[in-house]
Amino acid sequence: MQSLNRNGVSITRTPGEEKFVKFRSCAFRGRTFYQYDYRHTDGELFSTVAKTLAECRHRRDEWIEKKERNNNP
């Protein structure tokens, strides 16, 4: 299986970069999931797992919106 980590560290390093892998989880009866990493332009990493790539990106967008609200009171 392909991984987004090398030695426990995310390989998503470039600001603004996203990477994802699709995998089947035996723990959830062979369902397909996406592991998703996004490196924000400020260098912070966002990571999630969801059933669809669209859901991963939706969660990322919500995270970015919350992050921007907290930085601009």
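Just so we're clear, the structure is a prediction, and the values are computed from it rather than from any experiment.
Between Arg59 and Thr48, the shortest heavy-atom contact is NH1-OG1, 2.9 Å.
Contact check for Trp63 versus Tyr38: side-chain heavy atoms found under the 4.5 Å cut-off. A heavy-atom distance below 4.5 Å is found between the side chains of Phe23 and Gln35.
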Working for side-chain contact (heavy atoms from CB on, under 4.5 Å), residues Leu53 and Phe20: CA-CA 8 Å; Leu53 183 56; Phe20 58 89; 3.6 Å; yes

Candidate pair His40 and Lys67, rule side-chain contact (heavy atoms from CB on, under 4.5 Å), full reasoning: CA-CA 10 Å; His40 193 275; Lys67 184 176 180 62; 3.9 Å; yes

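Rounded to the nearest 0.5 Å, atoms SG (Cys56) and CZ (Phe33) are 10.5 Å apart. Note that CZ of Arg39 and CG of Leu45 are 4.5 Å apart. Values are rounded to the nearest 0.5 Å. Note that CD1 of Ile64 and OG1 of Thr41 are 8.0 Å apart. Values are rounded to the nearest 0.5 Å.
Between the Glu17 side chain and the Thr14 main chain, a donor and an acceptor come within less than 3.5 Å of each other.
Within a 6.0 Å sphere centred on NZ of Lys51, heavy atoms belonging to other residues, nucleotides or ligands number 12 at most.
For the side chain to side chain donor-acceptor pair (under 3.5 Å) test, residues two or more places apart in sequence or in another chain that qualify with Tyr36 are Glu18, Arg60.
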